[in-house]
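Read through the structure below, which is laid out as C-alpha cells, and then see the notes.
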Amino acid sequence: MTLLGQTSAWSGIPVGEHLWVFSPMIALIATMLAVVACPIVVGRSARTIARVATLGVIVTLGLTLATWGEVSTNPVSGLSTQPTSGMLIADNLSIGFQVILMVFLLGVIYLWKIGSAGSEENAPEFFILLLGSALGMILMVSTSNLLMIVLGIEMASLPSYAIVGFNKRDRKGAEASVKYMIFGAVCAAIMLYGVSLLYGMVGSLSVADLARYTVEQFAGGQHPLLLSVGLLCLLVGPAFKISAVPFHFWCPDAFEGARIEVTTWLSVASKAAGLILLARMVSTFAGAVDEPLAMSVLKPLAWTIGIMAAVTCTLGNFAAYPQQSVKRLLAYSSIAHAGYMMMAVAVFLHPQADRSGEPMAALMFYIIVYVFMNLGAFGVTALVSWETGSDRIEGFTGLMRRAPWLAVPMVVCLISLVGLPPMAGFLAKWWVLVALGSLADGWGANLAWFLIIVAVVNTLISLYYYLRIVVVMTLRDTGEPVIRSPIGGLALVNFCALMLLALLVVSAPLKATADRFSRNLFDATTVTQPAGEPVAAALDRAD
Amino acid sequence: MSDQVLYTCGVLILLAPLVGAVLSGALGPVLLRSRAHWPVVAGVAVAFITSVVLCAQVAGAPEGATSALIPVYDWIAHGAQDAKGATAYFKVEYLIDPLTAIMLMTVTGVSLLVVIYSRDYMREHGKAVHGYERFFAFLGLFVFSMCALVLGGNFLLLYLGWEAVGLCSYLLIGFHYGRPAAAAAAKKAFLVNRIGDFGFALGILLIYLTFGSLEYGAVFEMVSQGLTGSGDPLSGDRITAIALLLFCGACGKSAQLPLHVWLPDAMEGPSPVSALIHAATMVTAGIYMIARCGAIFAASPTAMMVVAVVGAATALFGASIALVQTDMKRILAYSTISQLGYMVLAIGVYAADSAIFHLFTHAFFKALLFLGAGSVMHAMGGIIDVRHFGGLRKVLPWTFATFVIGSLALSGFPMLSGFFSKDEIIHHALAAHPVLGVIGLLTALLTAFYTFRMVFLAFHGPYRVPEGVHPHESGIWMRAPLLVLSVGALAAGYLGAEGTGALHRFLEPVFADTFVRNNPIHIVEHAGFWAHYGLMIVSGALAIVGILAAYLLYVREPWIPGLLKASAPRAYRTLWNKYYVDELYDGAIVKPAQRGGRFCVGLDDYGVDGLIWVVTAIPRAVAYLLRTAQSGLLQGYALSMVAGIAIILLLVLWA
C-alpha cells in the first residue's frame, strides 16, 4: 500500500544488513554476469563456462550456509519499510530451499557436463537461462508479497521456456517450448488477473493482509464470489509450476521435448519451488487465524488443495501406465509425486498443524529425498539414451548384464520412487502419511482419510509401471551390446542410489534438518505484535 | 573403559569387515580377481584385533562398571512426541559387556582363521574357483552381520543382525547354486529358519506391545520389577509367552528340535562355511540371544523347563543319529546339533555361564574338525563319505594330527577343552534333575564313540582311496589355521576350568541379576575328593570308554558293526534315516504345502490374473482417455484448464 506511494523507496530500510542476508541471490546474479563476461575474457569453451558456473553455484551455496545461522534465529522480512510485509523474506524455509536447490543445480550442471558439454556451442546462453530460472525459483520461495510472487514465477518460467527449446534445430524441443510458453502465458495472465482483483479488494500486496481479509470475509460460512475467483486465480500460478491438475498439460510435452538435463532440472526444481511457495502462502493463511475455531473458515481452501493433490497424484500415475518412453514415464511420475507433496501442503490449514511445522518438515524431507531419486533415475536414463540413442523402455532390456553399475542404481531409485523400504522414498512417503494422520481428528478427519487412502492406493498403482522398467532390466535379455558410460556419470547415479540407502540407515539427521527448515515459519510473514499493542501502532512504530 | 574408545572399537569391528566385503565384491571381478580375499582378510583381522582390545577394555574395567551402552545415532522416530517435545527413537547403539566381548572374540577370531583357510580351499589346482570374490564378499558380510547382532543394544538391531546372518547363511549354503542339492539346501535352511524367525518376530512385537520399548536395559529393568510399560503388574503368562516365542527363534537358528532339519543339509555349502557359520558362530546366535535375554527367561520357570528339556532331547537325538552316518560333514553336523543341545540345556538349568563357556570351547574344536574334514575333502577331490576311503593318516599327517586333537576335545577327553565345559554342564544338569544329568552323561558317551568311529574309519585301517584320486596334504594357508585352532582346542578349557575359573568370573556380572539370582536349584558343594571330583572322573571315564569302544569296533574287530546292523535292522534304519523326521515333515507339511501351493498357482494364473486384468483395465482405460486428452493440441489444453477452474470454483462456492 505505502510502497507505491513512497517518495524515496529506500528511506527507512536498513539496506546493509539486508544485503548480507540476501547475498546468495546477489552471488547468483554475479555468477550470471560472470557467465556473460566469460566469452569476452576467456572464450566460449563449454567446459570453461561450466566451471565458472559451478564455482558461482558453490559460492552461492557457501554464502547460503554462512547466512543460515543468523537467519534461523532471526528471520528477516526485508527490503521494505514494513517489517511484516517485506518484499523478500530470508528465513529457514527459503534458506533451506536454496541449499537443496544449489546442491541439485550442481548435480544438473555435472550431468550437463558429461552429456552435452562436448557438443554445445551456446554454453554461455544456456547457463544464463539455467541460472536465471534458479534465481527465479529462489525468489518464488523468498517472498510473501503478491507482486514478488508474480515476478518470481515469471522469472523462473521465462528462462525455462527458452531452455526447453534450446536446441533450435530440434523440432520436438521447439514445439514443446512454444507450447510451454503459451500455456505459461495463459496461466500468468490468469494469475495476474486474480492478483489485481485481490489488490483491489484488500488494498495490500501482502499475503498476510490478504489472509486476514479472507478470514474476515469467509467467517460465518460465506464465500463471496469475487474473492473466491481471485484466490483461485492466484492459485493458478503455483499450480502451474507444480503442474497440478488441470494445469499439468505442459508438463509431459515439455519434459519429453527438452534435453534430459533440462527435464531433470525442471522435474524437481520448478515443482519444489512451486510447492514451497504454495506452502508458504497456505501457512500464512493458517498463521493469520489464532482461534482454532476460526480455522474452519479455511476448510474450503484445504479441500480445494487436497482434491487437487489427489487428482494430480492419481492422474499422474494412471497416465504413466501406457508410456513407452522412460523420459515421459518419469515426467508423469513427477506429476504424481507433486501430488503426494501437495497433500502435505493441504494439511497446513488445520488448527493443530499450523504451528508445529510437522507437514512442512514432511514436505522438505520429501523434496530432499526426491532430489536424489529423480537425479538418479533421470541420470541413468540420460546415460542409457546417450549411448543407445533412444529413451524407450526397450533400450533398457538386459541392462543388468549390459551395465550393472547403471541398472543397480536405477532399481534403487525406482523402488525409492514407489516408496518401498529399504529406500529413503519410503520414509519420505511415511512422513507425509504421518503428517496426514496428525490431521485425522477434528474437522480434518474426512480430508485426511481421503488423502491417506488416495496416497496408499496410488502407491499400489505406481508399483506396476515403475517395476515394468525393473523387469525389463533384469528378467529380459536380448543380447544387446554392453554399455560403456563415462565414469563421472556412473559416480553420479551411484552416489544418488547410495544416498537413498544411507538416508534410511541414518534418517535422523535428515529429519532434524527438515525440522529445522520448517522452524519459525511464521515469524517473518505474520504480524508479531507485542501484547496489548494494536496492529496499527506496531506498524507506525516500524515506520 | 572410556566411551570414546568403546565407540571407536564398535565402529571398527562393524565397518572393517563390511568395507572389506564391499571392496571384494565391487573390485573382485575386475581388479583383484584371485586376490579378492585380501580386503576381507584385512577387514576381519582389524575386527579381531579390535575385539581383543575391546575385551581387554572390558576386563580392565572396575567392578560394577563392566557394562556400557554406547549410543551411535537416532534412527527412526517411533511414537508421538512427549510433553517436552522429545521424540522416542529406535536407536542404533551398542551394548558392550563381558558377554559381548567374549562373543566378539570368538566370532572374529574363528572367522579370521576360516577366511585365511578359504584362500586355498576355494582354489582348484591353484586357480580361484568361479565366484571367488562373491564367496569372500559374503563371508565379510556375514562377519559384519554377526558382529551387528552381538553388538546391538536393542531388540530391533538384534533382529536385523539375526535376519542378516540368516541371509548370509542362505547365500553361502547355495554358493554352488548350479547344483540342485545346494540350491535345495539353501532354500530349506531359509524356510526352516523363517518358521523360527516368525516366532522370534512375534516375541519382539509382544515385547514392544508389553513394555513400549525395545531397549534391552529398559525392558529387562521392567521385567525384573514385574511391571509393564504402562505400570501395570506383569502377568506370568505374558512373560512365559514372550520367552517361548523368543525361544522359537533360537530353535530355528541354533538347530534345536524340531527345527534342526536344516543344519545337516546346510553341509552342501563349502566346508569353510560349514566351519564358520554352521558350527562355530551363527548357530550360537540362539544361545547368545537366550543368554542376553536372561532377565526374560529367568522370570519364567515354565520357559526355563521347556528350554532345558528341548536342549537335553536335542543333545541325545543328535548324538544318536551321528552314530551311523557315513558322511564326515554330516556326522559333524549332527554332532553340532547335539553340542548346541548341551548349551541350551545348560541355560535351561540356569547355568548360562557354562553355556557360554561351552560355546567358546566348542567354537575352537568344531571349527577345527570342520576345517579338517574340509582338508580331507579338498585332498580327496570332493569325496567325504568314509565308506569310500580309509587309512589316510600317512598321506595327510597334519590333517590327521589336528583332527585327532579336535576329536579328543569334542569327546571330552580329560584335560582337553571340551572336557571342562561339558563336565560343568552335566554337573548343573544333574543338580537340576537326575534325568537331565543322565541324558547328559549318555550323550557324552555317544559323542566319544561316534567321533572316534569317524576318526578310525577315515584315517586308520588299510590305505584305500577311490580310483583316480591322489590325496595330498594342503598348503600352508590351510594348515596354519588348523594348527592355531588345535592350540585352542587343547588349551581354551583352562580359561574356565575349575581352579582358574577366569571366564566365569568375567561373565559373572552379566548373569548375576538374572540366572544366578533367580536360580531355584541348590548345588550342594560337598567337601572331599569324591564329592568334588567324582563327576569329573565319571565323565572322563565315559569319554575314554567311548573311544575304546570305537577302537574295538572299528579297528580291532571290524566285523562287529556289521553284526549289530544285521541284528537290529529296524533301530539301524531309524537312525540311518534320522528318525524319519525329514520324511515326516515332507509328508505332513511340505507335500500338503506344495499341494496348497499348486492350488494357489492355479488360482493365481486363472483367478487373480484375471482379476488383475480386470482391475488394471480401469487404469488402462483411464490412461487411454488421458492420452486422447493429451493430444498435443493447445486448444484442448486450454479448454480443459478453464473447465478445471470452473469445477474447482463450483466446489468452493458450494462447500
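Letters A, B, ... are given to chains in the order of the sequence lines, protein chains preceding strands, and every chain is numbered from 1.
Crowding of Y170(B) atom OH: a count of heavy atoms from other residues, nucleotides or ligands under 6.0 Å not exceeding 12. Open room surrounds CZ on R484(A); 12 or fewer heavy atoms of other groups in view lie less than 6.0 Å from it. Other residues, nucleotides and ligands contribute over 12 non-hydrogen atoms within 6.0 Å of the CZ atom of F450(A). Counted within 6.0 Å of OH on Y193(A), heavy atoms from surrounding residues, nucleotides or ligands total 12 or fewer; the atom is thus considered open. More than 12 heavy atoms of other residues, nucleotides or ligands lie within 6.0 Å of CZ in R401(A), so this atom counts as buried by the packing criterion. Crowding of R35(B) atom CZ: a count of heavy atoms from other residues, nucleotides or ligands under 6.0 Å not exceeding 12.
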Tell me which donor-acceptor pairs under 3.5 Å the side chains of residues 153-160 of chain B have, and how far apart each pair is, sequence neighbours excluded?
unit_1: N154(B); atom_1: OD1; unit_2: L156(B); atom_2: N; d: 3.2
unit_1: N154(B); atom_1: OD1; unit_2: L157(B); atom_2: N; d: 2.9
unit_1: N154(B); atom_1: ND2; unit_2: K91(B); atom_2: O; d: 2.9
unit_1: N154(B); atom_1: ND2; unit_2: E93(B); atom_2: OE2; d: 3.2
unit_1: Y159(B); atom_1: OH; unit_2: E163(B); atom_2: OE2; d: 3.3

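With a threshold of 4.5 angstrom between heavy atoms, W405(A) approaches chain B through side-chain atoms but not through N, CA, C or O. Contact annotation for I461(A): neither backbone nor side-chain heavy atoms come within less than 4.5 Å of a heavy atom of chain B. For L231(A), no part sits under 4.5 Å from any heavy atom of chain B, backbone or side chain. Residue V229(A) touches chain B through both its backbone and its side chain, counting heavy-atom pairs closer than 4.5 Å. Using a 4.5 Å cut-off between heavy atoms, F318(A) touches chain B through backbone and side chain atoms alike.
The CH2 atom of W303(A) sits 14.0 Å away from atom CD1 of I648(B), with the distance rounded to the nearest 0.5 Å. Atom CZ in F240(A) sits 9.0 Å away from atom CE in M641(B) (nearest 0.5 Å).
Taking P404(A), S228(A), A176(A) one by one and counting their heavy-atom pairs under 4.5 Å with chain B, the maximum is reached by S228(A).
When side chains are defined from C-beta on, I190(A) counts as touching I645(B), because their heavy atoms get closer than 4.5 Å. Side-chain contact between Y73(B) and V505(A) is present, with heavy atoms from C-beta onward closer than 4.5 Å.
Annotation for P246(A) and G644(B): closest pair CG-CA, 3.5 Å, computed over non-hydrogen atoms.
A search for side-chain contact (heavy atoms from CB on, under 4.5 Å) contacts involving L501(A) returns M423(A), not counting sequence neighbours.
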